[in-house]
Amino acid sequence: MNTPDHLRYTPSHEWATEPDDGVVTVGITDFAQDQLGDVVFVELPEVGRQLAAGEAAAVVESVKTASDIYAPVGGEVVEVNQALLDAPEAINTDAYGEGWLFRLRVADGAAGNARLDAAGYRAVAEEG
Amino acid sequence: MPYVPHSDEDVRRALATIGVEDLDALFADVPHEILDPPLDLAAPMDEVTLLAHLDALAAKDQQGVPTFLGGGVRRHFIPAVTPRLALQSEFVTAYTPYQPEVAQGVLQATFEFQTMMSELTGLPIANASLYDGASAVAEAALLAVRQTRREAVLVSRGAHPETREVLQTYLWPLGIDVEVVDLDPTLTTPVPTVGDHVAALIVQHPNHLGYLEAMPAMAAAAHAAGALAIAVVDPLSLAVLREPGRYGADIAVGDGQVLGVPMQFGGPAFGFMVVTEPLLRQLPGRLVGQTTDVDGRRAFVLTLQAREQHIRRGKAKSNICSNHQLAALLATVNMAALGPAGLREMAEGTVRRAHQLAAALRDDGGDMAENGRFFAEFVLRTRQDGATVRRRLAERGLRAGVPLPAEYGLGDGVILAATELITDADIAALAGALHDIGELGAGASRPAEEVGA
Amino acid sequence: MSDHVERFDVPGGAGGGRPPQRDFPLIFERGAPGRRAARPPLTEGAPLAELLGEDALRAAPPRLPEVAELDLVRHYTQLAHRQFSIDGNFYPLGSCTMKYNPKLHEDAAERFLDLHPYQDPDHAQGILELLHGLQHDLATITGMDAMSLQPAAGAHGELTGILMIRAYHEANGEGEQRRVVICPDGAHGTNPATASMAGYDVVEVPTGPDGEVDLAAFEAALGPHTAAVMLTNPNTLGIFETRILRMAEAAHAAGAQLYYDGANLNAVVGRARPGDMGFDVVHLNLHKTFTTPHGGGGPGTGPVGVKAHLAPYLPVPLVQRLGERFVLEGERPTSVGRMRSFYGNVGNLVRAYAYIRTLGAEGLRRVASMAVLNANYLRTRMKEAGFTVAYDRVNMHEFVAQPPAGLRTLDIAKALLDYGVHPMTVYFPLIVKEAMMVEPTETESLETLDAYAAVLADVVARAAADPAYLAGAPRHTPVRRLDETAAARKPILRYGFAER
């Protein structure tokens, strides 16, 4: 299972970068995209929207299912990956790179659900 | 026992295979206190008796007479070839096409339907049909609410009263307000100022009284406020009238009965919804899309199912699980049978006969509340209440006159319709009958200033 | 290996060979400008521009097909041949009740085609009497006190029922407090979707290891916030909720209303009534239990029945009897309103009426008994063929199976298509992995069930001998496996006419 060490993870299969100048990038894991199958559509949050940690932020649709994506940490949406609207398959081919979903500006010390490191996430995913 | 093939020997063999003693063992899970209650149902009838029973019932109903009734359902020409093709048993006894490899019949026919509805309305994306026109309007309003995140809709009183009732039923549980725009003395809708709390402006065209509305202005008024423009349209009228896509409608909805479905006392027919591209992801109901198979053959499949209840469950765009496939198929075959020329001829015939009828009634002093242009229907004000007029005409072998609803403030009257099936003799018969019952002729008309007051 | 297994004709199939490579034409690809089939009566008169105004008219006609009648007939006849149907072969979709649709019902419906919903009611007494009779019969069969025939489909009936429950709670001053609907985790997707449309939140309760709703979890979920519980009985696993009387009591004690999803009524029709189980509202699927045609996906019909305390909220109008006359009664001040235009899917209501009159009480009882017999018989034969049954116990009209280890439900389904039979429902209910939900219905003979089991055994054997066999199925259908991803990513939802 592909789980880069430099990222943080949630039990609901989101990944998040460490804050870079207060901004965190969010996506879904390689495991998640494999479970979903071919992604056909992504519904992204509006720029400017305030999200609480754990709030449903986006929807990733495959042919046979639609999954809610939850904000790993609270913050304001500052950017979304517009390229996904035309090419949602980037989530399948490059879940940690081109397949990023949205970016949040987080408050200092904001509580978050991205408590798992790579090893911790692998354990959760293998179990479920 | 009809339809159930099991002989006693079959039952014995099956029980033995299953490994239980008797049929009761298979119902052991049902609490004994509720098992096998007596049922007060009529004794079973054989085929001959049943059909005789139904004939006796049907004999009490007026069918096969000249019909001047509208209000969302009309009696139009349906060529013999239409039901014979659409009601082939493979189409009738098929299920929803979830295994597309063996369902290309239904899937392709639906793709053809979607295309035809798109052509009629001038909008790009049609779904595979909904239950009826009224619920389609309600679903369109809900779509607008989701899309704009506003909490009210504005609807013309010219929309069918039943449509507005259904709209209320669907919108009330979600706290969405329904505001009504009254008609003006021309019996059409004045272009409203649309507030920025409004998700959609909904206008029916032709309206319930039969008159044409100023649709381009309606669409512009909606858009000026950031609301969606929803056109509730008669699909047969679109053979000749300007398409919603050409006057700025975001959504076109309506009832498809007039496209080739028998009247059947009001159902089943189908509702349709056609939308602009940006609204695709919000569209409720089934959608058939084109794709290829592993060998590159063109094929059709249910698509974008993630909007629907079986995937999205509580977050689906609607709870709708089915479409009115067989009724939509009747319309599809019918439109293919008629073609653009035939459909236009039917629409032309409808308009001409309606105008011919109106002229005949006017000539005999009929009190026409005729201030606008009309398609298939118009209002005749009457001295007796509308239901009485209708009954007295029925006694004379004519089905005519939908009672004019009180909410329009016009007093007593009927809404009369005509279609291409109406003949000169039918018109003469109706005019004569109306005269006989005192609704036409000297003394029947009212002073002009009362009209539309 | 397969010589003894009967293969049936695949609709539109290649008789054991490869299907043709060419695309089957769309109706728009047939015909030529100027051709036509049907000709309506022509009416002379003024041009429409004169009567309606030029500005009201469309500039260019819609691009509808221009085909001669014989070409029209060939197109839709050939399309019909590319379609699987009950009349064609066995179609054991779970919870769909794909029983035989009697031809007699078409004759019955034909007698009531030319009726306008607004014609003078004194001249529509026959159809009104029929609808009144059907209201009575369905109320009797379900053990309810009043019935509305208005809803156009099961999901529509569900919405009607939940809206009535909401109106009831509002009338009792508990509308604000009761915001939650409870559904089992095996529920059909329409149940939570309906609850959302009615403005409710949904809480799921788990199914226990015995295949029934976990009673402790159910009772714990009930409370002053509960508006309704939506249940199917038997449930989507085909298992009868044996504790239903206790669950009804618990729900009522908590002040909630109990809603019955009638999708599985075929298991108990004529033998047990949801009204007796304690349900307050019921919807029926006439296109399932009462064999009105599925039509390729609709129209259905979803009448809704209630106990007396909910009758004031029924949608209007209802057919009532006043002495010798039947009337459409529209005065019901506390009604939830209208759910659709006119009165219901009358064409199908006539068919259901004909069915009930043909069978009578004894016939309906026989339907349930034989439906349950056939399901248990097929369950036994499928186990012999190597399938696991998810909850291996006497089931009712349907059961949920799983494929032998290493095989996927999807692949088995595709392989079945090559044998000319239809797969069972796949991947539902969600609570069973690789679910195969099977409902044979009572109108199938044991030989048909034997043949299906033999086909399943053959598929399993071939898969064991050749691992690539399943992945390449189907091979003989008119089209083979489709690219559903492309269909969803780049939707093409209408024919692309050459630009004009």
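Heavy atoms only: backbone and side chains are in, while hydrogens, waters and symmetry mates are out. Chain A is the first sequence line, chain B the second, and so forth, proteins listed ahead of strands; every chain is numbered from 1.
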Which heavy atom of [X] sits nearest a heavy atom of [Y], and at what distance?
X: C/L104; Y: B/E47; value: CD1-CG, 3.2 Å
X: B/L39; Y: C/G270; value: CD1-CA, 3.6 Å
X: C/I141; Y: B/L41; value: CG1-CD1, 3.9 Å
X: C/L72; Y: B/A336; value: CD1-CB, 3.5 Å
X: C/A487; Y: B/V301; value: CB-CG1, 3.7 Å
X: B/P340; Y: C/P65; value: CD-O, 3.5 Å

>> If you apply the rule side chain to side chain contact (heavy atoms under 4.5 Å, CB included), what do you find for B/H6 with C/N374, and how did you get there?
In response: CA-CA 10 Å; B/H6 303 69; C/N374 270 358; 2.7 Å; yes

>> Between C/R494 and B/S118, is there a side-chain donor-acceptor contact under 3.5 Å, judged purely by atom types and distance?
In response: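 Note: B/S118 and C/R494 side chains meet the donor-acceptor criterion.
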
> Going through the distances and angles, do B/T169 and C/M339 end up as a side chain to side chain contact (heavy atoms under 4.5 Å, CB included)?
Replying inline: CA-CA 7 Å; B/T169 306; C/M339 299 304 299; 3.6 Å; yes

> Does CD in C/E44 sit with more than 12 non-hydrogen atoms of other residues, nucleotides or ligands closer than 6.0 Å?
Replying inline: no

> What do the steps show when you test B/R390 against C/Y118 for side chain to side chain donor-acceptor pair (under 3.5 Å), and what is the final call?
Replying inline: CA-CA 9 Å; B/R390 178 179 61 184; C/Y118 294 147; over 6 Å; no

>> Under a 4.0 Å threshold between the charged nitrogen and the carboxylate oxygen, would C/R39 count as salt-bridged to B/E345?
In response: no

>> Determine whether a donor-acceptor pair (N or O, by modelled atom type, separation under 3.5 Å) exists between the side chain of B/R391 and the backbone of C/D120.
In response: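 Here the side-chain-to-backbone pair does not exist.
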
> Are C/F112 and B/F265 near enough that their ring centres are under 6.0 Å apart?
Replying inline: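 No, they do not, as the ring centres are separated by 6.0 Å or more.
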
